[in-house]
Structure formats: structure tokens, C-alpha cells
Participant: 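One structure coming up, written as C-alpha cells, with questions to follow.
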Amino acid sequence: MQIPVLVGMLSTLLSSDDLVRAADLAKKFEISTRSVYRYMDMLSEGGVPIESCLGRGGGWRIVENYKLKATYFTEAEYNRLLFSLQSFSLQDDVTKQATQKLQGLKRSHSGATVLKSEQFIVDSDDISVGGFVSVLSQCISQKTLCEIEYHAKDGSDSVRVVEPYSLILKNGMWYVYCFCRLRKGFRYFKVSRIVKLNVGERFVGRAFQADSSVIQTDVLKDKEMCEVILTVESNALSACEEWLGVNCVAKMGDNYIARATLPYDDMLINQILFLGEGVRVEKPRRLREAVAERCGKIAKINRGE
């Protein structure tokens, strides 16, 4: 059985509004018609509600109103399946498309977690956000205005009166979603760019809908993304798991393989150097060469050359 073909067939069925014929699937995945029937049987046995229509022009389709739920795979099953696809030796268009769709499935079922103010505690040594987050949280729950002095990324400064509605933590950075009375519209403000904050009078709330996906953080904005594969030894395992998350690391023989899609920049090189001698970059090659080059420069500096 080829996992990419199985996932590819499932994706084809889910994305099609019409019947999918055996001949079309056989041509698309370059397999025999008999193999198509075998894969369909596997999907049915796996719990996918496939409807079969016999006769001329017949084929298969997913029963109406069925959607593949996030809980169709457990977290461990999902990561193992994705890991298997990415490790598959034949990285043709079908495999790549199946991988992208499976990755998209996880993104489509992941969303922002919203907590009430009494359900979280901000304990931060970063004075640029810690105090402001606490004050903003109180203002949100009590519906009180905030006058903020804001230092924008372009260097400009402004004083605004805002109605705060939501606090968002994205990629390690805090944002507050407000109605800005100066611009007469909803805006996201980065908390670390608030210079001063004064609490004002109460306000009457407006209907709002915060969408954290529209925030382009400095971590990802305009950055080139690349797939990174690392061989990790046990002495670097804990640090690697804390960096990437335990679901991105799998046991392979005596070592571990870590796999993630990350922004390619100096921060990535520095993070790999932080893991020390217990890690080897397998992919991409240019990252491995960049790490080796950086190590060479550090060695020269410390030798006084």
C-alpha cells in the first residue's frame, strides 16, 4: 500500500462534487483499476462513508454533508502519517499535493484559543508587556477606555483613545484588538509598542470579531519558509522538543528525527547552534552549510585569528 495514493484518493473524493470514476483515479495515480477498488475498500473499512454508484458513468463519492473531522486521526496518527508522507522516497506531484492537503487539514481545524481574564496569568520579566497586558485585561473585562501613546514600526508616534476588546498572543508576541476612535475602525496594536497607557471612562461595547490570522508578525512577515529536517541525539533531545514541540520529533533507530517548516533566517541558524553538537542538519543543504560556516567563524574568533 502507498500511503500518498490513499490520502490522495481521499482528498480527491472530498474535493469533488461529482462522482469520481475508477478510470480517472487509475490515470491520475498511475495504478491499475483493480488497485483503485482495493484502495476504496480500505477507505470504507477505515470509516470513510463512501457511496458507490454502479453502471455506466458510475463511480464513488463521499456521502453528502460529510467532512473529515480533526478527530478522524489522533494527534499521534496525524503526525506519523504526515511524517511518512514527507519521508516517502518518491516525492512526485501526487505525494507533494497529498502532503500539502494533509497539512492544510490541520491548519483548518486549529484556531485561536480564547480565555477569560480570570483563566490566565501573565508572569513576565519583560516590563514592556507584562504590566500593560494586565491593565488591558482589566479594561477589557470592565469595558473602560484606554489612552495609549503608540510608537509605530515606521518610527511615528501617536496618541489614541481606544476601546479594547481582545488580547491575542501570537508567536510569542502580545497584541490588543481595539476600536480606535482616531481612525474610527478596529485595529490590532502590538503591546510592546505601547509607550504609555492611561485608563479612562467606561464605554458601550460594539459588535466585533477578532481574527488573529490577519496579523503578520515580525517572526513570519516576508520570510522565506523552508522544510528543516534534523538528526537529533539524546543530549539535544529535550532542547529540540522545547523548541519545535514534541510532535515534530520522532524516534528513528538510536537517534531522533525532527521535522518542521520554519522561516529561513539568522534566528534559525542561531537556534540550531544553540542545540550544540547533538544535532545534524539533514535538509536543506544550504542550512547545513550556513551552520558549518558560522561555526568556522566562531572558531576563528575564539582562536584569536
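Since this is a predicted model, take the numbers as computed values, not measurements. Start at 1 with the first residue, then count along the sequence.
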Participant: When you measure from the centre of the six-membered ring of Tyr264, is the NZ or CZ of Arg286 closer than 6.0 Å and no more than 45° off the axis?
Facilitator: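 Yes, a cation-pi geometry holds between Arg286 and Tyr264.
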Participant: Is Val199 reachable from Ile194 through a run of hydrophobic residues whose side-chain heavy atoms are each under 4.5 Å from the next?
Facilitator: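 Yes, because Ile194 and Val199 connect within a single hydrophobic cluster, where side-chain heavy atoms sit under 4.5 Å apart.
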Participant: Does any part of the side chain of Ser166, heavy atoms only, come nearer than 4.5 Å to the side chain of Phe208, both counted from C-beta?
Facilitator: yes
Participant: Report yes or no: do Arg160 and Ser158 form a side-chain donor-acceptor pair below 3.5 Å?
Facilitator: yes
Participant: Could you state whether Val281 and Leu273 fall into the same hydrophobic cluster, counting links through intermediate Ile, Leu, Val, Met, Phe, Trp or Tyr residues with side-chain heavy atoms under 4.5 angstrom apart?
Facilitator: yes
Participant: Heavy atoms only: give me the nearest Glu227-Arg259 pair and the separation to one decimal.
Facilitator: OE2-NH1, 3.2 Å
Participant: Show me the donor-acceptor pairs, under 3.5 Å and distance only, between side chains in residues 177-186 and residues at least two apart or in other chains.
Facilitator:
{"from": "Arg181", "atom 1": "NE", "to": "Glu163", "atom 2": "OE2", "distance (Å)": "3.0"}
{"from": "Arg181", "atom 1": "NH2", "to": "Glu163", "atom 2": "OE2", "distance (Å)": "3.1"}

Participant: Distance check, rounded to the nearest 0.5 Å: Ser137 atom OG versus Gln142 atom CD?
Facilitator: 9.0 Å
Participant: Checking the side chain of Tyr165 only, and the main-chain atoms of Arg206 only, is there a donor and an acceptor separated by less than 3.5 Å?
Facilitator: yes
Participant: Consider only side-chain heavy atoms of I, L, V, M, F, W and Y, link residues closer than 4.5 Å, and tell whether Val195 and Phe132 are in one cluster.
Facilitator: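 No; tracing contacts between hydrophobic side chains, which count when under 4.5 Å, never links both residues.
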Participant: Please check if atom OH in Tyr37 has more than 12 non-hydrogen atoms from other residues, nucleotides or ligands closer than 6.0 Å.
Facilitator: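 Open: at most 12 neighbouring heavy atoms sit under 6.0 Å from OH of Tyr37.
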Participant: Any side-chain heavy atom of Arg294 within less than 4.5 Å of one from Asp266?
Facilitator: yes
Participant: Go through it in stages, so that I can follow the logic: the residues are Cys240 and Val249, the test is side-chain contact (heavy atoms from CB on, under 4.5 Å), and I'd like the CA-CA distance, side-chain angles, deciding distance and then a yes or no.
Facilitator: CA-CA 8 Å; Cys240 187; Val249 184; 4.3 Å; yes
Participant: Return the CD1 to CG distance between Ile257 and Asn255, rounded to the nearest 0.5 Å.
Facilitator: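 Going from CD1 on Ile257 over to CG on Asn255, the span is 7.5 Å.
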Participant: Check whether any side-chain heavy atom of Leu136 lies under 4.5 Å from a side-chain heavy atom of Trp174, and answer yes or no.
Facilitator: no
Participant: For the pair Tyr150 (side chain) and Lys190 (backbone), establish whether a donor and an acceptor sit closer than 3.5 Å, ignoring hydrogens and angles.
Facilitator: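 The answer is yes, because a donor-acceptor pair under 3.5 Å joins these two groups.
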Participant: First locate atom CZ of Arg193, then atom NE2 of His151, and finally report the distance between them rounded to the nearest 0.5 Å.
Facilitator: 6.0 Å
Participant: Counting C-beta onward and ignoring hydrogens, is there a side-chain heavy-atom pair between Leu25 and Trp60 closer than 4.5 Å?
Facilitator: yes
Participant: Any side-chain to backbone donor/acceptor pair from Asp24 onto Val20? Under 3.5 Å, distance only.
Facilitator: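 The answer is no, because no donor-acceptor pair under 3.5 Å joins these two groups.
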Participant: Of the non-hydrogen atoms in Leu197 and Ile148, which two are nearest, and what is the gap between them?
Facilitator: CG-CG2, 4.1 Å
Participant: If you count the non-hydrogen atoms of other residues, nucleotides and ligands that lie under 6.0 Å from CG in Asp254, is the total more than 12?
Facilitator: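 At most 12 heavy atoms, drawn from other residues, nucleotides or ligands, come within 6.0 Å of this atom.
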Participant: Does any non-hydrogen side-chain atom of Val36 lie less than 4.5 Å from one of Lys28?
Facilitator: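 Lys28 vs Val36: side chains apart.
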Participant: At their closest point, which heavy atom of Thr144 faces which heavy atom of Gly200, and how far apart are they?
Facilitator: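 For Thr144 and Gly200, the tightest heavy-atom pair comes out as CB-O, 3.9 Å.
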Participant: Keeping Arg21 on the side-chain end and Gly59 on the backbone end, is there a donor-acceptor pair under 3.5 Å?
Facilitator: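 No; judged by distance alone, with no hydrogens or angles, the pair does not exist.
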Participant: Are Ile298 and Leu275 co-members of a hydrophobic cluster defined by side-chain heavy atoms under 4.5 Å apart?
Facilitator: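 Both belong to a single hydrophobic cluster.
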Participant: With side chains defined as the heavy atoms from C-beta onward, is the minimum distance between Leu244 and Val228 less than 4.5 Å?
Facilitator: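 No, their side chains stay 4.5 Å or more apart.
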Participant: Would you compute the distance between atom NZ of Lys300 and atom SG of Cys295 and round it to the nearest 0.5 angstrom?
Facilitator: 13.0 Å
Participant: I want to check something: taking the side chain as every heavy atom from C-beta on, are Val176 and Cys146 in contact at a cut-off of under 4.5 Å?
Facilitator: no
Participant: Quick one, Ile50 and Met9 - any side-chain contact, counting heavy atoms below 4.5 Å?
Facilitator: no
Participant: On a heavy-atom basis, which atom in Ser156 and which in Asp154 lie closest, and how many Å separate them?
Facilitator: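 Ser156 and Asp154 have their closest heavy atoms at OG-OD1, 2.7 Å.
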Participant: Out of curiosity, does Val246 fall in the hydrophobic cluster containing Leu262 (side-chain heavy atoms, cut-off under 4.5 Å, transitive links)?
Facilitator: no
Participant: Roughly how far, to the nearest 0.5 Å, is the CZ atom of Arg288 from the CD1 atom of Ile272?
Facilitator: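 Output value for this atom pair is 11.0 Å.
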Participant: Restricting to pairs with a member in residues 231-246, which pass side chain to side chain donor-acceptor pair (under 3.5 Å), not counting sequence neighbours?
Facilitator: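 Sorted pair list: Thr231-Glu282.
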Participant: What is the distance from atom CE of Met225 to atom CG of Asp265, rounded to the nearest 0.5 Å?
Facilitator: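 Reported value, rounded in 0.5 Å steps: 9.5 Å.
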Participant: Give the minimum heavy-atom separation between Ile269 and Ala290, together with the two atoms involved.
Facilitator: CD1-CB, 3.8 Å
Participant: Give me the atom names and distance for the closest heavy-atom approach of Ala236 to Gly278.
Facilitator: CB-O, 3.7 Å
Participant: So Thr12 and Phe29, side-chain contact (heavy atoms from CB on, under 4.5 Å) or not? Walk me through it.
Facilitator: CA-CA 11 Å; Thr12 300; Phe29 296 100; 3.8 Å; yes
Participant: Report yes or no: does Lys251 contribute a side-chain atom to a donor-acceptor pair with the main-chain N or O of Gly253 at less than 3.5 Å?
Facilitator: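 Yes; at least one donor-acceptor contact below 3.5 Å.
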Participant: Is Arg303 atom CZ crowded by more than 12 heavy atoms from other residues, nucleotides or ligands, each under 6.0 Å away?
Facilitator: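 More than 12 within 6.0 Å, yes.
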